[in-house]
Amino acid sequence: MTRGSASNITERKEIEAERDEARMENDKIRHLKLVEDKEYLQELVDKRTSRLEEQITERRYAEQSLKDAMEYLQKSENHLRLLLEASPNGSAIVSCQSKELLFVNRKMADLMGAEAVNQILSSEIKPKWIDRPEVLEILEKIEGGAVNIAQHVELARLDDSHWWSNIDAGLVEYNGEPAFILWFYDISEWKEAELGLAARSRLGDLLQRTASDANKSVTFEEAIQTCLNTICAYTKWPIGHVYIRNRDDADQLYPGKIWCLADPDRFSVFQNITNKTAMRRGTGLVSRVFTSRKPQWIEDVTKDKKFARVMAATQDVVVRSGFALPVLSQDAVVAVLEFYTDEIIAEDKALMDTLVQVGTQLGRVFERRESELVLRAAFNEIDEANQSLEQKVRERTASLIEAKESADFANKAKSEFLANMSHELRTPLNAIIGFSEIIKNQMFGTLSQQYQTYARDINESGAHLLAILSDMLDLSKIEIGELDIAAVVVDLKQLIGACNIMVLGRAKDAGLSLVEHIADDIPYLYADPLRVKQILVNLLTNAIKFTPRGGKITIAAAVESDGGIVISIIDSGVGIAKTDIPKALEKFSQIRDGHTVAHEGTGLGLALSNGLAKRHGGQLIIDSVLGQGTTVTVKFPAVRSRHTVS
């Protein structure tokens with residue numbers, strides 16, 4: 001034990017004794033505080049303070065002594081040797097000037113696999129580690145003034161095996177000259193674990209990349225080529241090739257034209273032989289993979305008599321180690337990838353395990369291609385069927401277009417005929433109505449009761465016929481797009497009131513009540529007032545016609561959430577079956593059943609009202625329950641709402 005160490009132990013014991021004494025005195029002080037006055041307490045405190053100051057002075061003296069001892073140890077060769085020999089790690093001293101190895105401890109000899117320290121100090125051994133570039137780099141940094149130098153270095157033992165060391169370095173004085181002191185920490189286990197983790201990470205990257213590239217590939221061949229390139233780049237092996245299963249012979253593999261060759265000229269003999277060699281199930285490298293469905297490895301193909309391509313060569317094929325992996329689809333080998341190098345390399349178990357997954361990924365690409373081939377064939381059949389169907393559709397469409405054009409032409413001709421005829425008939429009808437009105441009113445003399453009755457019938461029939469012709473004329477104009485809308489701002493309350501007055505007498509005669517429900521906030525309507533009246537009078541007339549005596553007819557108007565205006569005619573009449581509603585909107589259509597058979601009409605009212613609503617950009621909706629009544633709603637879009645008269 002050194003003098004400095006003994007001094008430290010003694011000092012610690014004294015300090016601990018003083019601490020114990022201090023605790024006892026402090027306890028005494030706390031006790032005395034209850035019974036002693038302040039002056040006595042202060043005296044004890046002063047005494048303790050003085051004692052502590054003495055101890056601090058002694059501690060500083062001890063620390064200085066220890067520092068002096070450490071400096072002495074650093075300068076003392078004998079003490080330095082003792083320290084290094086006692087170190088649990090390898091130590092060495094190297095001359096700064098000559099880089100000569102001056103000293104190694106026993107631990108360093110053990111780390112280097114030497115039986116004695118002198119073996120390490122011999123000139124034959126020194127170059128194996130002192131002249132390593134990494135070690136020389138550490139020494140140069142120390143000479144440059146660097147501190148806290150630490151570096152991982154792989155060193156060779158006497159038997160050429162390798163181990164990993166973490167090297168720390170510093171400067172000392174040895175034999176009266178500056179020297180490097182090196183400490184070696186064995187980190188082989190940790191480094192091997194780190195390298196193993198790195199290797200597994202690289203294998204993981206290989207698997208991820210091959211899987212990603214395979215999934216991105218458009219064709220199976222592209223996936224194979226990419227995989228060959230990736231594995232060759234990872235292993236740094238110069239040859240990659242694929243054998244593909246024969247579609248016509250499931251027990252044969254033929255050589256594919258897909259290669260990865262780092263030096264085509266150097267390996268041309270092997271490539272030429274391979275391109276001519278088909279494989280069947282057997283005992284060669286590719287044949288074994290084909291049979292076992294598992295990856296295989298050969299350390300030296302030139303010593304494998306089952307490797308036929310080497311045996312068949314008349315000159316050196318320049319390949320030595322090789323491995324192959326299967327591409328599996330539904331547990332069947334569809335291809336075999338093979339890789340070769342011109343060096344002899346022991347089997348890499350971790351790589352082989354990874355290649356199993358690579359083959360699986362390529363198998364999925366193959367299955368995808370097979371599915372695409374099946375789908376393509378199906379699509380071709382569908383395309384042929386579609387082409388045939390399209391031809392038939394074109395022919396049928398042409399026929400329908402021709403029929404539609406003929407129908408449109410006939411409909412237009414009919415509408416124009418009705419418009420012309422309506423116009424031509426209105427003139428004589430007006431004359432008939434006018435003359436019958438004169439006769440009915442006996443303006444030029446008294447008539448018998450019989451003639452008065454005839455005149456009244458002629459007048460009413462003429463007016464009825466004129467109304468029919470007017471409706472037919474309006475419908476014809478709507479159909480050929482010639483009905484004009486003279487839109488102005490309309491007060492709906494006044495317009496609805498006017499319509500009610502027009503039908504009020506007829507409603508009373510039918511024994512019906514007529515009710516209005518108009519919202520207070522109803523805006524103005526920008527529309528053709530004549531046409532809106534025509535719509536409402538038609539709907540009110542229909543409601544009166546089909547509502548039994550004692551019933552009620554309601555006309556309501558309100559604003560929708562989107563700003564549009566709705567006007568509804570609600571009756572408690574006979575109603576319409578749901579299936580008959582579309583028919584009710586057709587021209588000249590009348591619903592004939594037990595409820596309506598007695599009513600007369602042309603069947604133009606709803607059709608005309610629907611057409612007039614559409615000309616305003618609106619729509620007419622019928623909602624009815626047979627035997628309970630009907631609601632006919634006319635909706636005008638928000639663009640026709642006005643909040644001012646202007």
Side-chain angles (χ1 to χ4, degrees), residues 210-211 213-232 237-261 264 267-298 301 304-313 317 319 322-340 352 355-381:
T210 53
D213 291 343
N215 290 324
K216 291 178 182 177
S217 300
V218 177
T219 64
F220 180 60
E221 290 73 16
E222 180 184 345
I224 291 293
Q225 183 68 73
T226 303
C227 188
L228 291 177
N229 295 343
T230 301
I231 294 178
C232 284
W237 286 25
I239 302 174
H241 176 249
V242 62
Y243 269 91
I244 301 174
R245 187 181 66 186
N246 191 332
R247 284 186 174 274
D248 299 326
D249 185 352
D251 292 326
Q252 184 189 52
L253 298 172
Y254 66 87
K257 297 180 180 179
I258 305 173
W259 285 83
C260 177
L261 284 176
F267 302 108
S268 60
V269 174
F270 180 75
Q271 184 181 19
N272 292 334
I273 294 175
T274 299
N275 287 337
K276 299 175 184 178
T277 306
M279 297 289 180
R280 303 193 76 84
R281 303 183 191 277
T283 56
L285 177 61
V286 173
S287 298
R288 290 205 302 271
V289 173
F290 193 21
T291 302
S292 66
R293 303 192 301 277
K294 296 179 181 179
Q296 301 289 332
W297 187 294
I298 298 179
V301 298
D304 190 333
K305 295 182 179 180
K306 301 296 183 181
F307 198 85
R309 282 173 282 176
V310 172
M311 301 299 107
V317 296
V319 295
F323 67 85
L325 66 122
V327 177
L328 298 174
S329 173
Q330 298 179 354
D331 207 33
V333 177
V334 296
V336 174
L337 275 61
E338 56 177 354
F339 301 88
Y340 299 96
M352 297 295 281
L355 294 179
V356 173
Q357 302 299 323
V358 173
T360 301
Q361 294 295 331
L362 290 175
R364 291 172 182 169
V365 177
F366 176 83
E367 291 169 0
R368 186 179 68 195
R369 185 192 71 167
E370 293 298 299
S371 299
E372 289 173 353
L373 292 175
V374 173
L375 285 175
R376 191 174 293 114
F379 281 136
N380 289 337
E381 293 180 3

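All figures in this text were calculated on a predicted structure; none of them were measured in a lab.
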Enquirer: Once you round to the nearest 0.5 Å, how far does CZ of R288 lie from CG of D304?
Expert: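 Answer rounded to 0.5 Å: 5.5 Å.
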Enquirer: List the atom of D249, the atom of R245, and the distance in Å for their closest heavy-atom pair.
Expert: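 Scanning both residues, the minimum pair turns out to be O-CG, 4.4 Å.
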Enquirer: What's the shortest heavy-atom distance between P295 and P326, and which atoms?
Expert: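 Heavy-atom minimum between the residues: N-CD, 3.7 Å.
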Enquirer: Measure the shortest side-chain to side-chain distance between V336 and L325 over non-hydrogen atoms and say whether it is less than 4.5 angstrom.
Expert: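 No - every pair of side-chain heavy atoms lies 4.5 Å or more apart.
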Enquirer: Step by step, would you call L228 with W259 a side chain to side chain contact (heavy atoms under 4.5 Å, CB included)?
Expert: CA-CA 7 Å; L228 291 177; W259 285 83; 5.9 Å; no
Enquirer: Please find the pair of heavy atoms, one from H241 and one from G256, that lie closest to each other, and give the distance.
Expert: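 Heavy-atom minimum between the residues: NE2-O, 2.9 Å.
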Enquirer: Determine yes or no for a side-chain-to-main-chain donor-acceptor pair under 3.5 angstrom, with R281 supplying the side chain and D251 the backbone.
Expert: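 Not at all, since once roles are kept as given, no pair shorter than 3.5 Å links the two residues.
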Enquirer: Measuring from atom CG of L253 to atom OG of S287, what distance do you get when rounded to the nearest 0.5 angstrom?
Expert: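 Here the interatomic distance stands at 7.5 Å.
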Enquirer: Distance from I258 atom CD1 to E221 atom CD, nearest 0.5 Å?
Expert: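 Here the rounded value is 5.5 Å.
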Enquirer: Ignoring hydrogens, what is the shortest heavy-atom contact between A278 and P255? Give both atom names and the distance.
Expert: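 Taking A278 first and P255 second, the nearest heavy atoms are CA-CD, 4.1 Å.
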Enquirer: When you look at T277 and Y243, which way does the side chain to side chain contact (heavy atoms under 4.5 Å, CB included) test go after all the steps?
Expert: CA-CA 10 Å; T277 306; Y243 269 91; 3.9 Å; yes
Enquirer: Which heavy-atom pair separates A324 from L285 by the least distance, and what is that distance?
Expert: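 Between these two residues, the closest heavy atoms are CB-CG, 4.0 Å.
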Enquirer: Is any side-chain heavy atom of V289 closer than 4.5 Å to one of M279?
Expert: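 Counting from C-beta outward, M279 and V289 never come under 4.5 Å.
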Enquirer: Taking all non-hydrogen atoms of both residues into account, name the closest pair between T291 and G282 and its distance.
Expert: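 Heavy atoms of T291 and G282 come nearest at OG1-N, 3.3 Å.
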Enquirer: Ignoring hydrogens and geometry, is there a side-chain-to-backbone donor-acceptor pair from E338 to G240 under 3.5 Å?
Expert: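 Judged by distance alone, no pair lies under 3.5 Å.
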Enquirer: Please report the interatomic distance CZ(F290) to CZ(R280), rounded to the nearest 0.5 Å.
Expert: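 Between F290 CZ and R280 CZ, I get 8.0 Å after rounding to 0.5 Å.
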Enquirer: Would you please classify the geometry between the W237 ring and the W297 ring as parallel, tilted or perpendicular, with 30° and 60° separating the classes?
Expert: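 If you compare the ring of W297 with that of W237, the planes turn out perpendicular.
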Enquirer: Atom CD1 in I239, atom CZ in F270: separation rounded to 0.5 Å?
Expert: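 Output value for this atom pair is 5.5 Å.
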Enquirer: Tell me, with the steps shown, if L328 and V333 meet side chain to side chain contact (heavy atoms under 4.5 Å, CB included).
Expert: CA-CA 5 Å; L328 298 174; V333 177; 3.6 Å; yes
Enquirer: Determine, step by step, whether Y340 and T274 satisfy the side chain to side chain contact (heavy atoms under 4.5 Å, CB included) criterion, reporting the C-alpha distance in whole Å, the side-chain angles of both residues, the deciding distance to 0.1 Å, and the verdict.
Expert: CA-CA 12 Å; Y340 299 96; T274 299; over 6 Å; no
Enquirer: Could you measure the distance from the CD1 atom of I224 to the CG atom of N229? Nearest 0.5 Å is fine.
Expert: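 Reported to 0.5 Å precision, the distance equals 11.0 Å.
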